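One structure is given here, and the rest of the page talks about it.
Numbers here simply count residues along the sequence, with the first being 1. Quick caveat, the model's predicted, so the values are computed rather than measured.
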Amino acid sequence: MNSPAQLSLEQEFSLRSFADQVQLMSREQAQEFLVSLYEQMMLREKMYQEFLKHEWGLDTPENWV
């Protein structure tokens, strides 16, 4: 059964390629990369929040409480 939460074949390939690249990093490089990746995830989440606020009209002054 194909669940929506499963990765596509292309995503699985990309994940494997990423894992191989991480294996070649030093511990310090991997730690720096992980912190950078986490920052990017937070920025993406913030962008999604701002986009949804705008799309739902929650960023207009008349909706501020």
Can I get a per-line list of side-chain donor-acceptor pairs under 3.5 Å for residues 9-22, giving both atom names and the distance, sequence neighbours left out?
{"residue": "Gln11", "atom": "OE1", "partner": "Ser8", "partner atom": "N", "Å": "2.8"}
{"residue": "Gln11", "atom": "OE1", "partner": "Ser8", "partner atom": "OG", "Å": "3.4"}
{"residue": "Arg16", "atom": "NE", "partner": "Asp20", "partner atom": "OD1", "Å": "3.2"}

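- The line from CE of Met25 to CG of Leu34 is 10.0 Å long, rounded to the nearest 0.5 Å.
- Applying the salt bridge (charged side-chain N to carboxylate O under 4.0 Å, His left out) test to every pair with at least one member in residues 23-44, sequence neighbours left out, gives no pairs at all.
- Cluster note: Met47 groups with no other residue, as no ILVMFWY side-chain heavy atom lies under 4.5 Å from it.
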